[in-house]
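For reference, the structure is listed below as structure tokens.
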Amino acid sequence: MPENPTPEIIEPEGAAQRIRSGKVSTRKIEHYVARLEDTPLQDVDKVDESAVPLSMWAQAWRSLRKQPLFIISAILILLVIAVAVFPQLFTHTDPTSCTLSNARKGPAAGHPLGFTFQGCDIYARIIFGARASVLVGLFTTIFVVIIGGALGALAGYYGGWLDAVLARITDIFFALPLILGAIIIMQLPAFRDNKSIWTVIITLTIFGWPQLARITRGAVIEAKNSDYVMASRALGLSKFKTLVKHVVPNSLAPIIVIATISLGIYIVAEATLSFLGVGLPPSIMSWGNDIASAQISLRNNPAILMWPALALSVTVLSFIMLGDAVRDALDPKSRKG
Amino acid sequence: MSTFDADRPLLEIKDLAITFNTPEGPVYAVRNAHLSIMPGETVAIVGESGSGKSTTALSAIGLLPGNGKVTGGQIIFDGEDITNVSDKRIIELRGNSIGMVPQDPMSNLNPVWKIGFQVKETLKANGLAGDNAKERVAEVLAEAGLPNAATRANQYPHEFSGGMRQRALIAIGLACRPRLLIADEPTSALDVTVQQQILDHLERLTTELGTAVLLITHDLGLAAERAEKVVVMYKGQVVESGPALEILRNPKHPYTQRLVASAPSLASKRLQTHSLNEAVEANAVEKPVHSKAGDDVLEIKNLTKVFKLRKSLGKSIDFTAVDDVTFSVKRGTTTAIVGESGSGKSTVAQMVLNLLKPTAGTISFDGMVMNEQPESELFKFRRRVQPIFQDPYGSLDPMYSIYRTIEEPLRIHGMGDSKSRQNRVKELLSHVSMPSSTMYRFPNELSGGQRQRIAIARALALQPEVIICDEAVSALDVLVQAQILNLLNELQKNLGLTYLFITHDLAVVRQIADDVCVMQHGKIVEHSSTDEVFNNPQQEYTRNLLGAIPGATLLI
Amino acid sequence: MIRFTLLRFLQLIPVFLGATLLVYFLVFATPGNPIAALSGGKPMSPAVEAALTAQYNLDKPFWMQYLLYLKNLLSFDLGETFSGQPVSDVIGRAFPVTARLAIMALVFEAFFGIIFGVIAGLRKGKLFDSTVLIASLIVIAVPTFVLGFILQFVVGVKLAWAKPTVSPGAPWSDLILPALVLGLVSLAYVIRLTRTSVIENKNADYVRTATAKGLSRRRVVVVHIVRNSMIPVVTFLGADLGSLMGGAIVTEGIFNVPGVGNLLYLSILKGETPTVVAVVSVLVLVFVLANLVVDLLYAWLDPRIRYA
């Protein structure tokens with residue numbers, strides 16, 4: 001019950017007792033009745049059986065597939081994934097066979113984007129570098145969703161000490177920005193000496209999960225206070241099963257949106273770490289590494305830096321745009337009840 | 001500003017058409033609407049949600065939502081055609097010629113500004129602040145019935161109760177002495193007793209000031225009681241208009257007849273007197289006859305619930321939401337618990353459902369004390385006692401199809417195989433008069449009343465003996481509400497159900513309940529048969545509640 | 001209000017303790033030889049090793065180590081760099097530079113972010129709105145270091161409007177370009193947040209009521225829509241001050257700004273773990289204090305919180 005800071009009843013007692021008889025006007029008021037043909041009476045609350053039944057996801061899909069931003073970003077993402085899985089299909093040039101005599105040369109036949117500082121084919125390196133970025137983004141997102149999602153859901157649903165502890169822990173992690181925290185971890189001996197895609201994924205997961213935990217917690221708290229949750233409990237469904245069957249499915253929308261956008265952000269983070277020299281080892285071909293090593297030739301050959309940067313940015317942009325489009329499609333305000 | 005002319009309508013709306021542009025194409029929200037308000041007159045527009053009543057009224061003050069547009073007809077204010085008038089002119093008119101009192105007092109005051117500031121800017125914008133703006137603000141607030149107005153002007157909206165906020169909004173609406181006040185459901189968010197007070201005050205004030213009022217309401221009884229003239233709208237059109245009492249006593253259009261017959265506040269009285277006409281008869285809610293020899297299926301003894309309200313730094317204060325409540329419910333009958341917001345009635349419902357642990361007291365179901373039983377006994381209990389909740393938009397999981405929704409209880413309790421469950425779902429849908437094709441649909445495709453039917457079907461799936469209806473019809477439009485009440489009555493007759501009916505609406509109680517418990521501040525203040533409570537209320541509080549039902553005395 | 005401030009302050013203490021403990025734990029308690037880490041992996045004499053062990057109390061139990069570290073931190077005794085300078089002096093020189101850089105970036109993102117966000121929100125769905133939205137997505141998608149290189153190359157080298165790198169004293173004028181780069185990503189977030197907030201508020205009931213009172217369009221927008229939309233934006237901006245200082249590492253590297261980020265970067269390259277831990281601890285402190293300011297601002301902006 002909300003606290004009532006002021007009394008509701010102000011008028012003197014007994015004011016309610018007077019007999020009310022309605023108002024009668026001294027003016028002549030015409031009694032108008034519309035013709036029944038013009039204002040046909042319809043059945044009260046009739047079910048419209050003509051429409052095709054649609055679930056929430058089907059509705060979201062319907063509005064999504066009409067959005068140009070969604071279509072563009074989805075196509076780009078599929079393309080990037082295809083490149084990451086089957087790089088051989090997109091180039092026959094070996095990205096590791098570099099000849100110094102080709103260094104910093106412009107585009108040539110079979111080498112559409114020219115050569116790097118070491119004389120490697122830029123196009124081939126971009127194609128083969130996609131895998132590292134996609135793997136880091138994808139796996140970090142998967143781990144973050146599993147860990148952050150589970151902890152956030154449990155904390156939001158059960159509340160109490162679990163929630164309090166999680167709130168404090170996320171506060172602590174938020175005090176360390178992603179890049180800062182990642183730098184610290186990546187330069188630890190255990191990580192520095194075993195650099196690989198997995199160390200980057202683990203590091204980004206450590207600093208990425210609290211954000212998702214917070215989002216999930218909020219969504220779960222909103223869902224758990226719904227009447228349908230109470231109805232299911234009253235039907236005899238156990239508390240945990242209610243979480244799994246009703247609360248989690250109804251909390252998915254914001255999680256999907258944030259996960260999609262975060263995937264892009266993790267790819268940027270990986271590139272930034274590689275740029276700072278604490279990300280992927282130079283032996284792994286990645287956009288971040290290529291951009292970092294192109295720094296030295298920036299003033300004279302900006303193209304060497306621009307191409308991998310462009311590939312990276314377009315990939316990230318696709319994920320962020322996809323997340324944005326999905327957010328609009330799943331927005332409960334835009335779906336009418 | 002034109003001169004005052006008592007014989008010329010202050011506001012005249014002619015053949016008004018309003019269209020909304022939506023992604024799904026244009027929606028014709030209002031067609032051929034017409035009404036006129038004379039100076040100083042109170043006119044009410046009555047209609048259900050989606051009837052176009054608010055849209056029509058708001059168009060007169062240029063407040064249609066961004067995608068809405070006047071696509072035909074005329075709006076004439078005091079002789080001036082303001083249908084397509086410039087923004088500058090409409091801003092001039094707002095406040096000092098046409099004022100507004102909005103619907104929800106909780107969301108209509110800006111939470112970050114003090115009440116006084118929000119009144120003062122109204123005066124300033126209309127050039128009425130003068131040199132002593134502060135005193136003027138206090139005067140205006142005091143006029144609207146706010147005690148200690150000068151001090152209160154320095155407070156923020158969140159420090160005000162709902163009723164007080166509505167008074168502040170009335171003060172704002174009338175601050176610049178408009179000739180016309182548009183009151184859009186000004187009290188429907190408030191408890192009945194508060195509602196009555198505020199309307200009384202508004203009526204007195206506008207009469208003194210000679211302000212014409214355009215009252216928008218869904219409640220025909222309230223409209224008839226407060227207005228000289230009533231305009232009934234249905235699906236964007238005006239179906240009937242005329243003198244308030246005449247419309248109420250002698251409705252001509254079949255829709256108005258339906259509305260009069262279904263309005264609970266009016267219908268309850270009508271049941272005792274002779275029926276008005278055939279339409280009324282056909283729509284009347286018929287109360288089933290119960291065998292008197294029912295045993296007490298539910299027995300609630302000394303039920304108490306204390307919540308700890310958290311204050312800062314681990315301190316907490318006790319708040320007794322339910323205080324020593326005792327009552328019992330006879331098998332096959334309906335017992336209503338009536339109370340205003342904060343009376344503890346819903347807390348009682350949750351405890352009876354064993355979804356909330358009582359602080360003290362016992363709840364016995366069929367002779368067995370339930371609140372001390374292990375989980376396994378509770379599981380069996382759940383089959384026999386089922387709830388229906390208030391919000392038809394919240395009580396169904398939006399991710400579940402109607403089939404899965406109704407099947408869920410059968411699945412949880414391991415009843416039947418998939419084939420028999422499907423048959424049972426179809427059967428349950430027909431119980432609540434829904435076509436079986438509905439089962440492939442999702443809740444967001446159904447209206448509020450239809451969702452409530454699905455919620456009833458789900459509750460019936462386990463063949464329970466008792467159903468707890470927590471404000472189950474409060475969120476529905478009058479006609480749909482009558483339909484659902486009839487359905488509940490019919491199901492009770494056919495299946496021998498027992499209802500515990502939680503509601504704030506005494507008028508509805510009259511239609512459905514056999515016994516009534518009136519709750520106030522967590523306590524039961526009156527407990528008796530429905531007839532007894534209505535005809536011979538023992539408590540002042542009950543009498544106030546009864547007296548506050550709008551329009552209750554108009555049809556005798 | 002004093003009680004509220006005190007309460008918020010008390011709530012921040014565990015966050016500060018937790019974050020420093022986390023950093024300390026990561027650096028000194030994870031697998032691997034912490035002494036080797038302290039020396040940057042280079043071989044060293046037993047005498048140096050013993051000295052380092054004593055300096056970081058590595059012979060004592062972990063909790064003891066942490067408490068002693070905390071005591072040193074609070075008395076600004078942060079140890080020495082490899083070249084023998086007190087870490088506190090090094091940070092003392094770098095900190096003001098980064099603080100100026102971050103504040104400039106903050107002013108930049110607040111000013112343009114709010115203006116663009118408000119206009120976009122008020123004109124939702126129009127050309128300006130769509131352009132700003134897509135531009136903000138692009139800014140978020142392109143890594144800061146790429147943006148930094150591009151701006152450095154175009155503005156600093158090609159157009160020569162500004163110096164491509166910052167002079168040793170880090171004068172204000174030299175910091176404009178780095179501040180722009182630093183604030184750019186946050187600018188995108190401020191625009192989006194302001195826009196969302198404005199769209200939400202402009203459809204609020206109290207805005208309609210304000211219009212119905214006869215207020216001018218301008219007053220409705222400024223006093224009711226924008227004022228209310230500032231609550232989440234100011235919160236974001238306050239918290240962002242901490243992130244900007246921590247995030248300056250990339251920008252300072254590109255423009256060679258002698259700030260905290262650059263110090264951190266060089267310390268990492270050299271493997272100077274003590275300096276890294278000290279710098280990070282100071283940044284955490286800044287973040288926590290910025291959050292305190294945010295809480296107070298929040299209470300000032302939203303009267304509903306003030307007395308809670």
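Side chains included, hydrogens not; waters and symmetry mates left out as well; all remaining heavy atoms used. Below, read A as the first sequence line, B as the second, and so on, with proteins coming before strands; counting in each chain starts at 1.
- Of the two parts of L283(C), only the side chain, counted from C-beta on, holds a non-hydrogen atom closer than 4.5 Å to a non-hydrogen atom of chain A.
- The candidate with the highest count of non-hydrogen atom pairs below 4.5 Å against chain C, out of V278(A), L176(A), I261(A), is L176(A).
- Listed options P143(C), P14(C), A239(C), G253(C) were ranked by heavy-atom pairs under 4.5 angstrom with chain A; first place goes to P143(C).
- Rounding to the nearest 0.5 Å places CG of L137(C) at 11.0 Å from OG of S318(A).
- I150(C) touches chain A through its side chain: at least one heavy atom from C-beta onward sits under 4.5 Å away, while N, CA, C and O do not.
- Contact annotation for M306(A): only side-chain heavy atoms (C-beta onward) come within less than 4.5 Å of a heavy atom of chain C.
- In this pair, F275(A) and F149(C) present their aromatic rings perpendicular. The plane angle is above 60°, beyond the 30 to 60° band.
- Heavy-atom neighbours of Y298(C) OH from other residues, nucleotides or ligands within 6.0 Å: at or below the threshold of 12.
- Annotation for K195(A): atom NZ counts as buried by contact number, over 12 foreign heavy atoms lying within 6.0 Å.
- Separation of atoms CG (L178(A)) and OG (S243(C)) is listed at 10.5 Å; rounding is to 0.5 Å.
- Contact of L17(C) with chain A is not made at all, since no heavy-atom distance falls under 4.5 Å.
- For a residue to count as touching a neighbouring chain, one of its non-hydrogen atoms must lie under 4.5 Å from one of that chain's; by this rule F319(A) does not touch chain C.
- Using a 4.5 Å cut-off between heavy atoms, L22(C) touches chain A through its side chain atoms alone.
- Taking all atoms of both residues into account, the shortest heavy-atom contact from I265(A) to Y189(C) is CD1-OH, 3.6 Å.
- Counting heavy-atom pairs under 4.5 Å between each of L133(C), I134(C), V286(C), V280(C) and chain A puts V280(C) at the top.
- Contact tally against chain C (heavy-atom pairs below 4.5 Å) for I320(A), I291(A), L276(A), D171(A): the top residue is L276(A).
- Only the side chain of L264(C) comes within contact range of chain A, with heavy atoms under 4.5 Å apart.
- Proximity to chain C is limited to the side chain of L305(A), based on heavy atoms less than 4.5 angstrom apart.
- Chain C forms more heavy-atom pairs under 4.5 Å with one residue of I172(A), V316(A), L69(A) than with any other, namely I172(A).
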